[in-house]
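One structure is given here, and the rest of the page talks about it.
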Amino acid sequence: MNIAEKVQEELKAEVKAAVLKAGLAQVEEIPAVVLETPKEKAHGDYSTNMAMQLARIAKKAPRAIAEEMIAHFDSSKASIDKIEIAGPGFINFYMNNAYLTDLIPVVLKEGEDYGNTNAGNNEKVQVEFVSANPTGDLHLGHARGAAVGDSLCNVLEKAGYDVTREYYINDAGNQIHNLALSVEARYFQALGQDKEMPEDGYQGQDIIGIGQKLADEFDRKFVDMSEKERYEAFREYGLKYEMAKLKKDLENFRVHFDVWYSETSLYTNGKIDEALAALRENGHIYEEDGAVWFRSTAFGDDKDRVLIKNDGTYTYLTPDLAYHKDKFERGHEKVINIWGADHHGYIPRMKAAVEALGYNPNNLEVEVIQLVHLYKNGEKMKMSKRTGKAVTMRELVEEVGLDAVRYFFAMRSGDTHMDFDLDLAVSESNENPVYYAQYAHARISSILRQGEEQGITINNEADLLLLEAEKEIELLKKVGDFPIVVAEAAEKRIPHRIANYTQELSAAFHSFYNAEKVLDASNQALSEARLSLIKAVQITLKNALKLIGVSAPEKM
RNA sequence: GUGCCUUUAGCUCAGUUGGAUAGAGCAACAGCCUCCUAAGCUGUAGGUCAGAGGUUCAAAUCCUCUAAGGCACGCCA
């Protein structure tokens, strides 16, 4: 348990003890102790609303209850300096902040592990994200999903969950069929022959590129093949090419997957049949109009869903539910899907399927990522995937820079519609929030370098109790919050909380930097203590930025 | 028409167990570099938390209704 958490736990225990000693309520009546950090510094370091919560149980006025509680407080036990009653009945605690200096050696020692907790209890969590069809370039929406998904995975890992990152490759359905036909058309076109694109073909530049590449490399080799052979060749080549590109783009986006799960494998290894058999056995399947249906309405869906079309092929849902069955069979306790907003209507049927297959639908969590609108020169940019006009993830990164893109997406909760201001993201100025945190890191690095030049370095014997200025204490508190923030972000699946935190921590540092000088040749002891402090800040900031996939530069 | 998401400062957004005077960045205004990076700091101004009811000691937060914008409602994926 980290230090800040420990202090809070002690305090909570004392609050509870005081209620009991004052005879205000029975043990089982006491609500969970809520400690919060008041927005106003004047309201102390922590406050609790216990007195107000007890008003009904103890049948007394909140302020009177607070009085009695304070009378029974053992201040020595929980590093409390002063207690006050305020407002309608808040009890404010002013802590003895000496404990905070204990934090620094811990951070320095843990280094990149600082912030790790076992809040997740090693729970096995599988996160599926991006999972874009391998039929074209990743676009803006995928970039957001990738950024949010990756950050969430990082946060979960740091908070002690056992995370598997997974990409579901839709390599079996209609879209691959269309990909093959699109490649074929582009190939013939590259050879100067007339060939129309299929109706639902992929118009993207990259497919034109494949056609050209095949023409350059193999010339007329495919023209002479049988149609079937040619189709198979293009299908395979197109898929391989697209997947390689996808993986590379994601690597360049600092996103890594543990498992690339092939939809086709569900066909070949019998998982689809197994899933269908399981549903049939449980009586959730019926036939009508020549099709096989899943009675998903029995599990809260608004209509039943076709699993096998009357032409004998599966709908998209069928392999996907087999995939989800497999996710749980592999022992994942929680399965998290990160889906684009355009798929949100799909959630009830997948939850229904999970339940029908015998699993708890609450263990399937779907995080919906809302659309991104790109703005340039104050105008909204129009885009369409069908015509291949969408801005790709690669273009976005090239234009804006990776750190800025990751940061912009990490800043915002995934479930809000987002406006992405290209001009702001591109600007290398104080208008761009990504530099705020990076600049803090670079500044610290610079001070540490200069300290070494001046012979003032971090010293394990430094007297950290010298750190008592207001800005120092605030900065230390922020550093101490980090493990709690990570755990909260993980539990609530809100990775944007981390981006938020980097701003808070940076703000505390910049403010400290302007108020106090770190390197002071005339005060070696204080300089050493402050060096330790900023080193701890640097470590924390770097760890936080790493969680959201943003680099921590030494110089800017 | 039905379901889901959104609506908070001029703009982009935090506010995720209901708490005290609703916050940050940008934009605006006024200051701060003989001093560790001014991509910074300090201060000022800026709000009917879309609207109306309700729940309670207390609501931006929970419930109901209304409005506006977005997305989805396929034997497509």
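Lettering follows sequence order; numbering is per chain, from 1. What you see below is based on every heavy atom in this structure, not just the backbone, and it leaves out hydrogens, waters and symmetry mates.
Listed nucleotides A38(B), A39(B), A77(B) differ in distance to Y346(A); the shortest reach to its side chain belongs to A77(B). Proximity note for S47(A) (side chain, C-beta onward) versus U16(B), A20(B), C36(B): the nearest is A20(B). Distance from the side chain of S413(A) is smallest for A14(B) among the nucleotides C36(B), A20(B), A14(B). Comparing G40(B), U12(B), C36(B) by their nearest atom to the side chain of Q450(A) picks out C36(B). Residue L371(A) places its side chain closer to C71(B) than to any other of C35(B), U16(B), C71(B). Taking only side-chain atoms of H496(A), from C-beta outward, the nucleotide of G3(B), A14(B), A77(B) with the closest atom is A14(B). Distance from the side chain of A341(A) is smallest for C71(B) among the nucleotides C75(B), C71(B), A77(B). For H417(A), taking side-chain heavy atoms from C-beta onward, the closest of the listed nucleotides A20(B), A77(B), G70(B) is G70(B). Nearest nucleotide to the I494(A) side chain, out of U16(B), C13(B), G40(B): U16(B). Distance from the side chain of T315(A) is smallest for A77(B) among the nucleotides C71(B), C13(B), A77(B).
With a 6.0 Å cutoff to the six-membered ring centre and a 45° limit on the axis angle, R443(A) does not count as a cation-pi contact of F509(A).
One donor-acceptor pair, N or O on each side, does fall under 3.5 Å between the base of C75(B) and the side chain of N310(A). In terms of polar N and O atoms assigned as donor or acceptor, the side chain of D342(A) never comes within less than 3.5 Å of the base of A77(B) in a complementary pairing.
RNA chain B is contacted by both Q503(A) and V518(A); Q503(A) maps to the nucleotide lying nearer its 5′ end (nearest heavy atom per residue).
We find that E504(A) and K477(A) are not joined by a salt bridge, their nearest charged nitrogen and carboxylate oxygen being 4.0 Å or further apart. The pair E516(A)-R530(A) meets the salt-bridge criterion, with a side-chain N (NZ, NE, NH1 or NH2) lying under 4.0 Å from an Asp/Glu carboxylate O. A salt bridge links K334(A) with E123(A): the closest approach of a Lys/Arg side-chain nitrogen to an acidic carboxylate oxygen falls below 4.0 angstrom.
Straight-line distance from the CG atom of D311(A) to the C1' atom of C76(B): 12 Å, rounded to whole Å. Here C32(B) presents its C1' atom at 14 Å from OH of Y513(A), a figure rounded to the nearest Å. Between the P atom of U61(B) and the CD atom of E36(A) lies a distance of 17 Å, rounded to the nearest Å. When rounded to the nearest whole Å, the span between CE of M52(A) and P of A59(B) equals 12 Å.
For K303(A) and U2(B), the shortest distance from a side-chain N or O to OP1 or OP2 is not below 4.0 Å. Contact annotation: S527(A) side-chain N/O to C36(B) OP1/OP2 distance is not under 4.0 Å. Between K309(A) and G74(B) there is no side-chain polar atom (N or O) within less than 4.0 angstrom of OP1 or OP2. The phosphate of G40(B) has OP1 or OP2 within less than 4.0 Å of a side-chain N or O from N430(A). The side chain of Y375(A) contributes no N or O atom lying less than 4.0 Å from OP1 or OP2 of U12(B).
Across all strands, A55(A) comes closer than 4.0 Å to no nucleic acid atom at all (heavy-atom distances). Here N92(A) lies in heavy-atom contact (under 4.0 Å) with a base.
Once the 5.5 Å centre distance and the 30° plane angle are applied, the aromatic ring of F90(A) is found stacked with the base of A20(B). Stacking between H43(A) and the base of A20(B) is present: ring centres sit under 5.5 Å apart and the planes differ by under 30 degrees. Aromatic stacking of H510(A) on A39(B): not satisfied for centres closer than 5.5 Å together with planes under 30 degrees.
Its glycosidic angle being more than 90° from 0, C5(B) falls on the anti side.
Taking atom C1' in both A72(B) and A77(B), one finds a spacing of 14 Å when rounded to whole Å. Spacing between A9(B) and C76(B) at atom C1', rounded to whole Å, works out to 44 Å.
Nucleotide A50(B) has U66(B) as its partner under the Watson-Crick or G-U criteria, with both atom distances under 3.5 Å.
A heavy-atom distance below 4.5 Å is not found between the side chains of E528(A) and L466(A).
Taken from OG1 in T264(A) to CG in N170(A), the straight-line distance is 9.5 Å, to the nearest 0.5 Å.
In this pair, Y168(A) and Y316(A) present their aromatic rings perpendicular. The plane angle is above 60°, beyond the 30 to 60° band.
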